[in-house]
Amino acid sequence: MAMQAHPVPEVRVLDAAENAVPLLLGELREVVARNARPLVSFATGGTFAAFFRSLDAELRSGQIDGSGFVGTHLDEYIAFEPNRRGGMVHELTLRCPALRDMLARGSFLPVPCHGAEGSLRAHEERLARAGGIKLQFLGIGRNGHVAFNEPGASFEAGFHVTELAETTRADAAPTFVPDEPPRRAVTSGIGTILDADRVVLCAFGRGKAEAVKAMLQADVSHSCPASALRSHPNALVLLDPEAASSLDAAADVAS
Ligand code: PGA
């Protein structure tokens with residue numbers, strides 16, 4: 001009898017990274033149209049910079065109604081309050097100032113940045129009261145991390161405090177010059193990410209190619225935290241040709 005394979009996320013290879021922007025805006029529009037004030041969780045890495053510029057324009061022009069959803073995000077460096085330079089919320093609101101307005105109105109829920117256990121459980125309860133995450137945007141680290149779930153992370157965990165991998169710190173370093181990049185962060189766990197109704201992961205550039213291959217075509221393994229997504233029934237992966245360049249040609253990918 002054939003074994004039931006892990007469901008593989010839908011994978012689309014785009015001609016260019018910027019072609020993801022209308023697709024990501026479309027994902028947001030659709031979840032807002034289908035749900036009453038859904039909770040949408042954003043990824044804050046550079047991968048989503050162009051998306052956030054467009055989102056800001058759409059929120060300001062009213063093409064996307066900022067009162068139509070509640071926002072949150074994946075992770076934050078320890079002790080980085082929303083207004084501290086280099087922090088995830090700070091970077092996010094620089095790219096998308098309209099989200100700063102949502103933060104001020106209480107409709108953007110920042111990850112508690114001090115890591116106290118009670119604050120993490122309270123944050124999870126807030127997310128649950130907001131209906132749970134309907135749409136989760138996600139990037140991937142070149143070591144296969146998702147949020148700050150570094151290689152070896154549990155696939156079941158909720159929000160927790162974690163040590164950052166050296167590749168993660170090296171990638172973050174330019175933002176913090178002349179200071180050292182942070183060593184610890186609060187992160188959404190893979191369990192929380194897998195609980196989202198829909199997950200849309202983007203990876204662009206040659207530097208992500210090996211992580212993308214491990215995510216999609218190696219065994220599901222803690223050595224590539226993103227491979228946990230292969231057990232998600234409603235995940236979409238958007239790649240540019242460079243990020244897709246290590247995938248086997250036989251891959252079940254659309255363009
Ligand atoms: P990036 O980060 O979007 O800045 O490449 C992605 C990640 O590390 O998850």
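For clarity, every value in this text was computed on a predicted model and none was experimentally measured. The basis for the numbers below is simple: all heavy atoms, side chains too, and nothing from hydrogens, waters or symmetry mates. Counting starts at 1 for both ligands and their atoms, following the listed order.
Using a 4.5 Å heavy-atom threshold, the side chains of Met215 and Val237 count as touching.
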Could you list the donor-acceptor pairs under 3.5 angstrom formed between side-chain atoms of residues 108-122 and any protein atom two or more places apart in sequence or on another chain?
unit_1, atom_1, unit_2, atom_2, d
His114, NE2, Glu81, OE2, 2.8
Glu117, OE2, Arg121, NH1, 2.1
Ser119, OG, Ala116, O, 2.6
Arg121, NE, Glu124, OE1, 3.0
Arg121, NH2, Glu124, OE1, 3.4
Arg121, NH2, Glu124, OE2, 3.2
Arg121, NH2, Phe159, O, 2.7

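Side-chain contact check for Thr187 and His160: no donor-acceptor pair (N or O, by modelled atom type) lies under 3.5 Å. Residues Glu91 and Thr175 bring no donor and acceptor atom of their side chains to less than 3.5 Å of each other. Between the side chains of Asp65 and Ser67, a donor-acceptor pair is found at a separation under 3.5 Å. At a cut-off of 3.5 Å, with distance as the only test, a side-chain donor of Glu210 or Ser246 sits close to an acceptor on the other residue.
Protein residues are said to neighbour a ligand when one of their heavy atoms lies under 4.0 Å from it; for ligand 1 these are Gly45, Gly46, Thr47, Gly139, Ile140, Gly141, His145, Lys208.
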